[in-house]
Amino acid sequence: MNPIIATLKEHNVSDEQIAELFEALTQNPMMAMAMVQQLGIPPEKLQQLMSMVMTEPQLIKEATDELGLDFAKVQAAKKKLKQ
(Lines give C-alpha, C1' and ligand atoms only; values in the text may rest on other atoms or scores of the structure.)
Protein backbone atom coordinates (compact mmCIF):
# COMPACT_ATOMS: atom_id res chain seq x y z
CA MET A 1 0.00 0.00 0.00
CA ASN A 2 1.16 3.51 -0.79
CA PRO A 3 2.64 5.17 2.35
CA ILE A 4 0.51 8.31 1.91
CA ILE A 5 -2.66 6.23 1.81
CA ALA A 6 -1.39 4.04 4.66
CA THR A 7 -0.77 7.10 6.84
CA LEU A 8 -4.24 8.43 6.12
CA LYS A 9 -5.83 5.05 6.94
CA GLU A 10 -3.75 4.84 10.12
CA HIS A 11 -5.59 7.99 11.26
CA ASN A 12 -9.01 6.55 10.47
CA VAL A 13 -9.51 8.47 7.22
CA SER A 14 -12.12 6.56 5.24
CA ASP A 15 -11.57 5.26 1.72
CA GLU A 16 -14.21 7.75 0.56
CA GLN A 17 -12.36 10.67 2.18
CA ILE A 18 -9.05 9.50 0.67
CA ALA A 19 -10.60 9.33 -2.80
CA GLU A 20 -12.16 12.79 -2.31
CA LEU A 21 -8.82 14.18 -1.17
CA PHE A 22 -6.93 12.90 -4.19
CA GLU A 23 -9.76 13.94 -6.50
CA ALA A 24 -9.50 17.44 -5.00
CA LEU A 25 -5.76 17.30 -5.56
CA THR A 26 -6.34 16.72 -9.27
CA GLN A 27 -8.77 19.64 -9.50
CA ASN A 28 -7.74 22.20 -6.89
CA PRO A 29 -4.54 21.62 -4.88
CA MET A 30 -5.33 24.46 -2.47
CA MET A 31 -8.67 22.87 -1.62
CA ALA A 32 -6.90 19.56 -1.07
CA MET A 33 -4.52 21.19 1.40
CA ALA A 34 -7.47 22.60 3.35
CA MET A 35 -9.11 19.16 3.33
CA VAL A 36 -5.97 17.51 4.73
CA GLN A 37 -5.91 19.94 7.64
CA GLN A 38 -9.53 19.06 8.50
CA LEU A 39 -8.94 15.31 8.75
CA GLY A 40 -7.93 15.42 12.40
CA ILE A 41 -4.40 14.12 11.86
CA PRO A 42 -2.11 15.15 14.75
CA PRO A 43 0.22 18.02 13.74
CA GLU A 44 3.40 15.97 14.02
CA LYS A 45 1.98 13.23 11.77
CA LEU A 46 0.62 15.83 9.35
CA GLN A 47 4.08 17.37 9.14
CA GLN A 48 5.60 13.92 8.41
CA LEU A 49 2.96 13.32 5.74
CA MET A 50 3.60 16.67 4.06
CA SER A 51 7.35 16.09 4.21
CA MET A 52 6.88 12.71 2.54
CA VAL A 53 4.81 14.33 -0.22
CA MET A 54 7.40 17.07 -0.77
CA THR A 55 10.49 14.85 -0.76
CA GLU A 56 9.00 11.89 -2.63
CA PRO A 57 6.59 13.30 -5.22
CA GLN A 58 6.44 9.95 -7.02
CA LEU A 59 4.31 8.75 -4.10
CA ILE A 60 1.49 11.02 -5.31
CA LYS A 61 1.58 9.31 -8.70
CA GLU A 62 1.59 5.89 -7.04
CA ALA A 63 -1.36 6.88 -4.84
CA THR A 64 -3.36 8.23 -7.78
CA ASP A 65 -2.64 5.02 -9.70
CA GLU A 66 -3.70 2.92 -6.71
CA LEU A 67 -6.93 4.92 -6.46
CA GLY A 68 -7.58 4.75 -10.21
CA LEU A 69 -7.26 8.51 -10.76
CA ASP A 70 -5.61 10.37 -13.65
CA PHE A 71 -2.13 11.59 -12.64
CA ALA A 72 -2.02 13.93 -15.65
CA LYS A 73 -4.76 15.96 -13.94
CA VAL A 74 -2.55 16.24 -10.85
CA GLN A 75 0.29 17.56 -12.99
CA ALA A 76 -2.01 20.09 -14.68
CA ALA A 77 -3.33 21.26 -11.30
CA LYS A 78 0.23 21.71 -10.04
CA LYS A 79 1.07 23.89 -13.06
CA LYS A 80 -2.05 26.00 -12.48
CA LEU A 81 -1.04 26.48 -8.86
CA LYS A 82 2.40 27.81 -9.86
CA GLN A 83 0.93 30.48 -12.16
Side-chain angles (χ1 to χ4, degrees):
M1 177 181 288
N2 178 280
I4 296 171
I5 295 172
T7 300
L8 293 170
K9 284 185 177 268
E10 177 183 314
H11 291 91
N12 300 318
V13 178
S14 71
D15 290 342
E16 183 178 292
Q17 287 174 307
I18 292 170
E20 287 175 11
L21 177 62
F22 277 92
E23 188 67 34
L25 183 61
T26 66
Q27 296 173 9
N28 184 341
M30 294 305 286
M31 187 174 81
M33 295 305 293
M35 287 176 70
V36 167
Q37 293 174 345
Q38 295 174 3
L39 293 175
I41 298 172
E44 64 279 359
K45 287 290 187 175
L46 185 58
Q47 185 176 7
Q48 286 177 337
L49 181 65
M50 298 311 293
S51 176
M52 189 182 338
V53 167
M54 299 302 281
T55 60
E56 300 179 64
Q58 79 279 2
L59 292 176
I60 295 173
K61 180 182 184 335
E62 291 172 14
T64 55
D65 289 347
E66 191 171 319
L67 295 168
L69 300 172
D70 184 358
F71 184 68
K73 288 183 180 178
V74 175
Q75 295 296 85
K78 238 170 52 175
K79 285 181 184 176
K80 259 183 17 186
L81 185 62
K82 287 182 181 179
Q83 291 177 350

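Just so you know, residue 1 is the first one in the sequence shown, and it goes up from there. Just so it is clear, the values below take in all heavy atoms, side chains as well, and ignore hydrogens, waters and symmetry mates.
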Working note: Asp15 + Leu67, criterion side-chain contact (heavy atoms from CB on, under 4.5 Å); need CA distance, chi angles, decisive distance, verdict.
CA-CA 9 Å; Asp15 290 342; Leu67 295 168; over 6 Å; no

Any chance you could measure [X], atom [atom1], to [Y], atom [atom2], to the nearest 0.5 Å?
X: Met33; Y: Gln38; atom1: CE; atom2: CD; answer: 12.0 Å
X: Leu49; Y: Leu39; atom1: CG; atom2: CG; answer: 9.5 Å
X: Leu59; Y: Met54; atom1: CG; atom2: CE; answer: 13.0 Å

Given Lys61 and Asp65, is the side-chain contact (heavy atoms from CB on, under 4.5 Å) satisfied, shown in steps?
CA-CA 6 Å; Lys61 180 182 184 335; Asp65 289 347; 3.0 Å; yes

How close do [X] and [Y] get, heavy atom to heavy atom, and via which atoms?
X: Ile4; Y: Phe22; result: CG2-CZ, 3.7 Å
X: Met52; Y: Thr7; result: CE-OG1, 3.9 Å
X: Ala32; Y: Leu21; result: O-CD1, 3.4 Å

With a sphere of 6.0 Å drawn around CE of Met1, does it hold more than 12 non-hydrogen atoms of other residues, nucleotides or ligands?
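Counting other residues, nucleotides and ligands, CE of Met1 exceeds 12 neighbours.
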
Flag yes if more than 12 heavy atoms outside Glu16 fall under 6.0 Å of its CD atom; otherwise flag no.
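Counting other residues, nucleotides and ligands, CD of Glu16 stays at 12 neighbours or fewer.
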
Under the criterion side-chain contact (heavy atoms from CB on, under 4.5 Å), I'd like the reasoning laid out for Ile41 against Leu8: C-alpha separation, chi angles, the key distance, then a yes or no.
CA-CA 8 Å; Ile41 298 172; Leu8 293 170; 3.7 Å; yes

Any sub-3.5 Å donor-acceptor pair from Ser51's side-chain atoms to Gln47's backbone N or O?
no

With a 3.5 Å distance limit and no angle check, can you tell me whether Asn2 reaches the backbone of Glu66 through a side-chain donor-acceptor pair?
no

Tell me, please, which residues at least two apart from Gln17 pass side-chain hydrogen bond (donor to acceptor under 3.5 Å, both in side chains).
Ser14

Flag the pair His11 / Pro42 as yes when at least one side-chain heavy-atom distance between them is below 4.5 Å, and no otherwise.
yes

